[in-house]
Structure formats: structure tokens, C-alpha cells
Number of protein chains: 2
Amino acid sequence: MAVTDEAITKIKDMILSGELSAGDRLPPEKELSEKLGLSRSSLREAVKALEIIRVLDVRRGDGTYVTSLEPKLLTEAMTFIVDLHQDKSILDIFEVRRILEPAAASIAAGRISLEQLAALRATMEDISEATSVESLVEHDLVFHGLIAAAANNSYLSSILDALSSSTVRARIWRGLTQERAVDRTLAEHNSIIEALERGDAELARALLTVHISGVENWLRQAL
Amino acid sequence: MAVTDEAITKIKDMILSGELSAGDRLPPEKELSEKLGLSRSSLREAVKALEIIRVLDVRRGDGTYVTSLEPKLLTEAMTFIVDLHQDKSILDIFEVRRILEPAAASIAAGRISLEQLAALRATMEDISEATSVESLVEHDLVFHGLIAAAANNSYLSSILDALSSSTVRARIWRGLTQERAVDRTLAEHNSIIEALERGDAELARALLTVHISGVENWLRQAL
DNA sequence: CAATTGTATTGGTCTGATGTTTGTCCGGGT
DNA sequence: ACCCGGACAAACATCAGACCAATACAATTG
């Protein structure tokens, strides 16, 4: 194994063993490189790799820290990967979303707060068939993100966030505007909000299934 | 933004734009570093970061290539992250598994092949309450992995694989052996196989829900 | 006491040299 | 014609050392 990969493993092990915990600061690069027995350049490659998956947080002029390691941080790393995997099998991604989104909505129906409901309703304002694609994408991201967040499970919302990379969404909304299906989609969003307001878990689940399936079917024939 | 991060973005964009496709070889480090306007050292940090999330494949003495970018590769990257996130909120992870595993089993019931069924049955051989924890973990990983694979959705099985890091599994099985709950768990596995053999999607879904919930409840009281 | 300035610490980047591995080509032997 | 081995080139791996830039913190100053 290359020295850099060894360093990655060693740092990972230090975290797993508890020698390093969330928020802890690592020794300076020079010191750590000597301790691990490799050059600073090689160590930096290892640190960079751990930084991109949000395990380490490097602050110039300050030091390198272990991140909070909250599940939320999983999102960014996963999004990065899913972004690159797009086009490969969007339908597979939709199949997973069709499983998770209704489940999230169902859970959310029993837990969602008034503030979150208000935020959901707010996303519907100023949105219509005439709205720009960028705004629609933004609305959609926030809308589904809020529902996932209301389910109160960081892993669940992180995974859903990642599976709905904005790049993919943008293309879909672009297609929807051409197909003049925007108001149907927005009407579905409205129904979902109403179900959540009533705390109707079963209805919320069903509406999400229909909603995702609708887009999925449009996608299927578009490909 | 630092030059290294710029390089990461640029390489990512080259892949997204199609300038680089799966399997393509990147220019040599020296050449690419000049093209992107940074030193070789900094470029190497960028490459290392993309290598760890399985976007690039570096072959010493040969060159650097874009990986196949198959969803399967998502697993390794995600597992690495989830491994580090363990202990933080295992129950959240179980909640997601309780959503995905039954869905996967339900889909698998209609698609599973005879070979896959045989493989599933094979995992039950030589397994009993007396078996070592290592073997039980191995059995469990393969068992659930096969079901996920039978659902024939790479993203689904990748995510499930990642959520079931062997580190977590090991600890759970260790607990189960102490609680003498091993044969109940194995009996549930048997029932699941039978449901899949009959192609009974609804039953498979229910059994998986019960199965995951059972472990989940044990975990809840153990924490 | 607050604002400013200095300075040490720490990460960011570059350069250039050297080691290691791999792929390829070519010549000799069968 | 085929196979094998060595030489060579290409490409990544690693290191050492230098200098830049941002930050934290203590000292200074008003």
C-alpha cells in the first residue's frame, strides 16, 4: 500500500479508535508527517482526500480539525459522487426515491412542525407556470428537502438530498416546462402540503408515490 | 478558492461535459498540471481526492483513468464515510434500512433468479448458534447483500451496503449471541428465503420489516 | 478598555530531484 | 513464425526545501 493510503488509513483509525474525536485538532502537517513517517507532500494528499469527503476540515493559518461527522455532512460527499454518476441510471435513482420519499412524507406527517409547514407553503408563493426554470428547481429542492427534514432523520434526508442533485433536477424541470406539465406538478405539491397539514400519513405517502412516479414515467418516455 | 479545489472542479467538469468519459485516460500529471495552471504537487492532491471517491483510478507506471463510474463504486466511498459516522446515530441508519430493505425484498421477490435463491440458501449452511461471530457477520452481509442485489438496482444495493458497514454489524451480532437471539434471527432469515422462493412480495416485505425492526428494538434497549 | 500592530504558527504552493512500476519495442533463440 | 528477456521510455510515487499567505494571539498604543 502506498504511503499516502497508509496515512489515510491511519488517520481514519485514529478517529475510529477515539484517539481523535469530532472537533479535535490534528498536529501540524510537519509534525504529523514525521509521526506517520512520510513527507509533508504525501501527507497533504491524504488530508485532501479526507477533506473532500468531509472528514477533515482544514483551516489555513489555523490548523486541521476533525469535522463534527454529522450525517448531514454525508450529503455533500454523496452529492459530489451522484453528480458524476448522473445519466448512468437516473431511473434507478428514481426507483430509490420512490421508496424513500413516500416513507419520509409518511413519517413527516406525524412530526412536522407549524414552522416547517409554513416554510413549505412559502415555497409555493410566486411560483407558477411562468416562473423561470432556475426558480422552479430551487423551489423543488427546498420543497422535497423540507419534507425530508421534517422526518427528522439526518441519514434519510442526506441520502435523499444527494439523490436529487440539482443538475438532474434542472434537466427534468426544463423538460417539464416544455411539456406544460408544470401546473400539474405544482398542484401535486399543494396536495402534499394539505395532507401533511392534516397529519394524514397514508395520504401523504400515496401522494408522494404518485408524484415521484409521475415524473419517473415522464422521464422513462423521454429517454 | 484554492488552486487544488479549482483543479478538482475542473476535472469534475471535464467529466460532466463529456470531455472525459468513463475509461478515458487523463494527460500525464506534468502536462495536466501545466494545462490547468498549477504545480504537480497541487494537482496530485486533487487527483488523490478524486481517487478516494472512486472517480479516478491511478495506475502507477501507466497513467490515470476515469473509472467506470458505475453506481457500485458509490458503495466504497459511502461505506468509508458511514464507517466514520457510526455510533452517532445507528438508530437513524436502522430507520432508513427499515424503509429500504423491505422495499428491496418486495422488488426482489418478483425478479430473483434460481441461482440467487440457491446462493441465499447456501448462506444458511453451516450456520447455527454455535458459529463464530465472524461467520455470522459474513453470513448476514452476504444474505442482505444478495437480496439487495436481486432487486437489480445498483443504487439501492450500494446504499444498503454502505448503511450496513461490517463494523456495525459485528457489534450487533456480538450482542445477539450474548442475548441468545441467534436462532430467532436465523429462523427469520429462513422465512424470508421461503417467501422469496414463492415470489410472495407482500410477505417478503412484511418479514423484512419485522426482521429489521426486531434488531432495531434490541438495539434501542441496548443503547 | 478598545483598537492596532507584530509576530509566531500553520496551511498553500511551487520547484526540482530521485525512486519505482509498468508498458513497449526489439533482438536473439527455438 | 513464435516466444522470451532485456533495454528503454513513460508515468506515477515520494521526498526535501523554500517561500507565500492567512490566521490567532499577544503586545502595544491611543
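Lettering of chains follows the sequences in order, A, B, ..., and the numbering in each one begins at 1.
Using a 4.0 Å cut-off, some side-chain N or O of B/T64 falls inside it from OP1 or OP2 of D/dC12. Phosphate proximity of C/dT13 to B/T4: present, with a side-chain N or O under 4.0 Å from OP1 or OP2.
Comparing A/S41 and A/R60 along DNA chain D, the residue whose closest nucleotide (by nearest heavy atom) sits nearer the 5' end is A/S41. The residue among B/L26 and A/L43 whose nearest nucleotide of DNA chain D is located toward the 5' end is B/L26.
In this entry the distance linking CG of B/L32 with C1' of D/dA11 reads 13 Å, nearest Å. In this structure, A/E29 atom CD and D/dG17 atom P are separated by 17 Å, rounded to whole Å. Atom CG in B/D62 sits roughly 9 Å away from atom C1' in D/dA10 (whole-Å rounding). Between A/D57 atom CG and C/dG12 atom P there is a gap of 10 Å when expressed in whole angstrom units. Atom-to-atom, NZ of A/K30 to C1' of D/dA16 comes out at 11 Å; the value is rounded to the nearest Å. In this structure, CZ of B/R59 is placed 17 Å from C1' of D/dA13, rounded to the nearest angstrom. With rounding to whole Å, A/E34 atom CD is found 11 Å from D/dG17 atom P. A straight line from CG of B/D5 to P of C/dG11 spans 16 Å, rounded to a whole angstrom.
Within 6.0 Å of NZ in A/K72 there are 12 or fewer heavy atoms belonging to other residues, nucleotides or ligands.
Of the listed nucleotides (D/dC15, C/dC14, D/dA13), C/dC14 has the atom at the smallest distance from the side chain of B/V3. With distances taken from any side-chain atom of A/P28 to the nucleotides D/dA24, D/dT14, C/dG11, the minimum falls on C/dG11. Closest to the B/R40 side chain, of the nucleotides C/dT22, C/dG11, D/dC12, is D/dC12.
At a threshold of 4.0 angstrom between heavy atoms, the contacts of A/S42 are confined to the sugar-phosphate backbone, with no base atom among them. Among the protein residues, A/R44 comes within range of the nucleic acid bases, having at least one heavy atom under 4.0 Å from a base atom.
The aromatic rings of B/H144 and B/H211 lie parallel to each other, with less than 30° between the two planes, well short of the 60° mark.
Remark: the backbone N or O of A/D5 is paired with a side-chain donor or acceptor of A/T9 at under 3.5 angstrom.
When only modelled atom types and interatomic distance are considered, A/S113 and A/Q116 share a side-chain donor-acceptor pair under 3.5 Å.
Partner of A/L146 under the side chain to side chain contact (heavy atoms under 4.5 Å, CB included) criterion, chosen from A/I193, A/T123, A/L141, A/L196: A/T123.
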